[in-house]
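Some notes on the structure that comes next.
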Amino acid sequence: MEKMSPDASASAQPDESVQHDSVRQGRPAAHPSLPGALKFYRVAAYITGVLLLLLTVEIIAKYGYGYEVEMFGDEGLVALTPDGEVEAFNFSQAILIAHGWFYVVYLFASFRIWSILRWPFWRFLWLASGGLFPFLSFVIESGATTIIRQAIKEAHTP
């Protein structure tokens, strides 16, 4: 059996330059920042989805029943107040603003995944549509996570 020199054993172990070479050779799923980008995307998708569900309830309460959610007012911690009569913290408006800003974060996370994987533009639109309809962010996040994890697994197998 042939003895390996310390230099040869060090070169036999995978290092980051090998991952970068596989990215250059058309394997973008081997990109070292992809797992972190996936985690960021998943968190953004869940927060956006929950805020969108709250926004849906708020829209139904406001336009269906004529009420807004008021916090820390005369009625107590949380109260339904007729539309336009909120004097304390308007929780309904806060949900609307928070969803808008978190959707921007979600779009950034989607763009990051899309650009790392070098997917076609329609895949970016697919990811971005998750924050537009209730429950869709959860469905798209699940599908995208499955696809991305499979791509990562395939990129790291010889």
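- Considering all non-hydrogen atoms of both residues, I140 and S129 come closest at CD1-OG, 3.3 Å.
- In this structure, CZ on F135 lies 4.5 Å from CG on L53, to the nearest 0.5 angstrom.
- Atom CD of Q150 has more than 12 neighbouring heavy atoms from other residues, nucleotides or ligands inside a 6.0 Å radius.
- In this structure, L96 CG and E68 CD are separated by 10.0 Å, a value rounded to the nearest 0.5 Å.
- A109 approaches A44 most closely through the heavy-atom pair CB-CB, 4.2 Å.
- When side chains are defined from C-beta on, F72 counts as touching L77, because their heavy atoms get closer than 4.5 Å.
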**Request:** Quick one: do R123 and I147 satisfy side-chain contact (heavy atoms from CB on, under 4.5 Å)? Show the steps, please.
**Result:** CA-CA 11 Å; R123 285 261 176 122; I147 292 168; 3.9 Å; yes
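- In this pair, F40 and F108 present their aromatic rings perpendicular. The plane angle is above 60°, beyond the 30 to 60° band.
- Across every non-hydrogen atom of T48 and G131, the tightest pair is CG2-CA, 3.9 Å.
- L127 and A144 make their closest contact through CD2-CB, 3.6 Å (heavy atoms, listed as atom of the first residue, atom of the second, distance).
- Residues that satisfy the ring pair (Phe, Tyr, Trp, His ring centres under 6.0 Å) test with F124, not counting sequence neighbours, are W114, F121.
- In this structure, CD1 in I152 is found 7.5 Å from CG in L117, a value given to the nearest 0.5 Å.
- One hydrophobic cluster, built from ILVMFWY side chains closer than 4.5 Å, cannot hold both F102 and Y106; they sit in different ones.
- To the nearest 0.5 Å, atom CD1 of residue I113 and atom CD1 of residue I148 are 4.0 Å apart.
- One finds the CD1 atom of I95 at 6.0 Å from the OG atom of S92 (value rounded to the nearest 0.5 Å).
- With 3.5 Å as the limit, one finds no donor-acceptor pair spanning the side chains of E141 and Y41.
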**Item:** side-chain contact (heavy atoms from CB on, under 4.5 Å) evaluation trace for Y46 with V50
**Value:** CA-CA 6 Å; Y46 279 107; V50 168; 5.5 Å; no
**Request:** Could you go through the side-chain contact (heavy atoms from CB on, under 4.5 Å) check for V69 and E58 one step at a time?
**Result:** CA-CA 8 Å; V69 180; E58 186 273 326; 5.6 Å; no
**Request:** Mind running side-chain contact (heavy atoms from CB on, under 4.5 Å) on L55 and I59 for me, showing each step along the way?
**Result:** CA-CA 6 Å; L55 180 61; I59 287 174; 4.0 Å; yes
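- Closest of all the heavy-atom pairs between A128 and L107 is CB-CD2, 3.4 Å.
- Between the side chain of S142 and the main chain of F138, no donor-acceptor pair closer than 3.5 Å is present.
- Note that the CG atom of L38 and the CD1 atom of I116 stand 9.5 Å from one another [nearest 0.5 Å].
- A pairwise comparison of heavy atoms in S137 and A45 identifies OG-O, 3.3 Å as the closest pair.
- Judged purely by distance below 3.5 Å, without hydrogens or angles, the side chains of E70 and T81 pair a donor atom with an acceptor atom.
- When hydrophobic clusters are built by joining Ile, Leu, Val, Met, Phe, Trp and Tyr residues whose side-chain heavy atoms come closer than 4.5 Å, directly or via intermediates, L34 is grouped together with W119.
- No single ILVMFWY cluster, assembled from side-chain heavy atoms under 4.5 Å apart, contains both V105 and L136.
- Linking ILVMFWY side-chain heavy atoms closer than 4.5 Å, directly or via other members, places V78 and L54 in a single hydrophobic cluster.
- Under a hydrophobic clustering in which Ile, Leu, Val, Met, Phe, Trp and Tyr are joined whenever their side-chain heavy atoms come within less than 4.5 Å, directly or via other members, F133 and Y103 fall into the same cluster.
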